[in-house]
Amino acid sequence: NENIITFDSDGEHKVSDLNRILKFFINAKVELLICNRLNIQRISEKMVNFFFHHKFHLKDPLTGLKVYKTLLLKKYIKKIKVNFFLVDLAMLICSKNHRVKNFPIECNVIKNRQPRIGNKFQVNMKILGILKKIIRNK
């Protein structure tokens, strides 16, 4: 029973939540756990969240905090493009009817956060590209 956790390095996620998250993941017997943030800042992320929830009944595919069954990750990781924050992986897993759940988390507030993948405009354009992928996903 090996699992892989993705965890953002920007300090948004609380390391102290990991034991609680892993315990929930194991008890829920899921293959993917999406740790949905209770407070999403960007309007573009809120839009992605709305459409993803409408399509897959799950929240916050853009969160960096997810737990995967290793076998599931190995099965699908080569079928996605890594430039979409692993949202394509979450979409693929959800569309294949794997056991996926959300786990709500509170995040640390990071003031004056600067995007690491370009300026604010570039980040929002990339996120809107993800929105397009979600809407088109069949």
Side-chain angles (χ1 to χ4, degrees):
N1 273 339
E2 293 181 21
N3 309 308
I4 293 177
I5 300 172
T6 59
F7 196 90
D8 283 351
S9 64
D10 62 3
E12 180 179 40
H13 303 305
K14 298 177 181 182
V15 176
S16 59
D17 286 342
L18 282 178
N19 285 334
R20 225 169 28 95
I21 291 165
L22 277 173
K23 185 176 181 178
F24 180 85
F25 178 80
I26 292 164
N27 290 336
K29 298 180 179 166
V30 294
E31 296 169 280
L32 169 60
L33 185 65
I34 300 172
C35 296
N36 59 294
R37 298 166 290 172
L38 295 175
N39 188 13
I40 296 174
Q41 299 297 318
R42 290 186 185 103
I43 297 287
S44 56
E45 287 189 49
K46 289 179 183 187
M47 291 169 58
V48 166
N49 193 27
F50 174 83
F51 283 97
F52 193 83
H53 186 261
H54 178 73
K55 187 160 217 141
F56 298 109
H57 308 288
L58 293 160
K59 299 175 184 173
D60 201 8
L62 288 166
T63 183
L65 184 47
K66 296 182 182 93
V67 185
Y68 303 85
K69 284 285 187 193
T70 303
L71 291 175
L72 184 69
L73 193 57
K74 285 180 181 179
K75 180 176 182 177
Y76 293 120
I77 194 73
K78 291 183 179 178
K79 296 182 181 187
I80 63 146
K81 294 180 181 177
V82 294
N83 58 337
F84 287 110
F85 305 112
L86 298 179
V87 174
D88 344 26
L89 183 58
M91 282 192 303
L92 181 59
I93 290 169
C94 290
S95 68
K96 300 288 185 182
N97 296 317
H98 288 281
R99 294 180 316 274
V100 182
K101 283 194 175 185
N102 275 126
F103 185 84
I105 57 169
E106 296 236 4
C107 293
N108 294 316
V109 176
I110 301 171
K111 296 182 185 215
N112 301 319
R113 175 186 288 189
Q114 295 300 314
R116 295 182 182 187
I117 54 166
N119 61 40
K120 290 179 182 183
F121 176 77
Q122 291 168 318
V123 169
N124 282 304
M125 291 307 294
K126 190 169 187 172
I127 292 170
L128 291 174
I130 292 168
L131 178 60
K132 182 177 166 184
K133 287 180 68 86
I134 291 169
I135 292 170
R136 287 181 153 180
N137 184 270
K138 299 194 173 43

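For clarity, every value in this text was computed on a predicted model and none was experimentally measured.
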>> Can you list everything that forms a side-chain hydrogen bond (donor to acceptor under 3.5 Å, both in side chains) with His53? Sequence neighbours excluded, please.
In response: none
> Which pair of non-hydrogen atoms, one from Val48 and one from Pro61, has the smallest distance, and what is that distance?
Replying inline: CG1-CG, 3.8 Å
> Do the side chains of Ile80 and Leu58 join up, straight or via other hydrophobic residues, at under 4.5 Å, putting them in one cluster?
Replying inline: yes
>> Using a 6.0 Å cut-off, check whether atom NZ of Lys14 has over 12 heavy atoms from anything other than its own residue.
In response: yes
> Got a second to check how far Thr6's OG1 is from Leu73's CG, nearest 0.5 Å?
Replying inline: 9.0 Å
> Are Leu65 and Val15 grouped together when hydrophobic residues (ILVMFWY) are joined by side-chain heavy atoms under 4.5 angstrom apart?
Replying inline: yes
> Mind checking what makes side chain to side chain contact (heavy atoms under 4.5 Å, CB included) contact with Phe51, not counting sequence neighbours?
Replying inline: Leu131, Ile134, Ile135
> Between Asn49 and Leu62, does a side chain to side chain contact (heavy atoms under 4.5 Å, CB included) hold up when you go through it step by step?
Replying inline: CA-CA 8 Å; Asn49 193 27; Leu62 288 166; over 6 Å; no
>> Could you report the tightest heavy-atom contact between Asn102 and Lys59, atom names first, then the distance?
In response: OD1-N, 2.6 Å
>> Please enumerate all residues that pass side chain to side chain contact (heavy atoms under 4.5 Å, CB included) together with Asp8, with sequence neighbours excluded.
In response: Asp10, Glu12, His13
>> Using 0.5 Å steps for rounding, measure from the CD1 atom of Ile34 to the CD1 atom of Ile105.
In response: 11.5 Å
> Taking C-beta and beyond as the side chain, do Cys107 and Asn39 meet within less than 4.5 Å on heavy atoms?
Replying inline: no
> Do you reckon Val87 sits in the same ILVMFWY cluster as Leu128, going by side-chain contacts under 4.5 Å, direct or chained?
Replying inline: yes
> Where do Thr63 and Cys35 come nearest, in terms of heavy atoms and distance?
Replying inline: OG1-O, 3.0 Å
> Among the clusters formed by ILVMFWY side chains lying less than 4.5 Å apart, do Val100 and Phe50 turn up in the same one?
Replying inline: yes
>> Is there a salt bridge (Lys or Arg N to Asp or Glu O under 4.0 Å) between Glu45 and Arg37? Walk through the geometry before answering.
In response: CA-CA 11 Å; Glu45 287 189 49; Arg37 298 166 290 172; 2.6 Å; yes
>> When you measure from the side chain of Asn36 to the backbone of Asp60, do you find a donor-acceptor pair of N or O atoms at a distance under 3.5 Å?
In response: no
> Hey, any chance Ile4 and Leu71 share a hydrophobic cluster, counting ILVMFWY side chains that come within less than 4.5 Å of each other, even indirectly?
Replying inline: no
> Do any pairs count as a ring-ring contact (aromatic ring centres under 6.0 Å, His included) and have a residue in residues 55-74, sequence neighbours left out, and if so which ones?
Replying inline: Phe52-Phe56
> Can you find a heavy atom in the side chain of Leu32 that is under 4.5 Å from one in the side chain of Lys66?
Replying inline: yes
Which donor-acceptor pairs under 3.5 Å do the side chains of residues 16-30 make with protein atoms, sequence neighbours left out?
| residue | atom | partner | partner atom | Å |
| --- | --- | --- | --- | --- |
| Asp17 | OD1 | Arg20 | NH2 | 3.2 |
| Asn27 | ND2 | Lys23 | O | 3.3 |

> How long is the span from the CD1 atom in Ile130 to the CE atom in Met47, to the nearest 0.5 Å?
Replying inline: 12.0 Å
> Can you list every salt bridge (charged side-chain N to carboxylate O under 4.0 Å, His left out) pair that touches residues 98-110, not counting sequence neighbours?
Replying inline: Glu31-Arg99
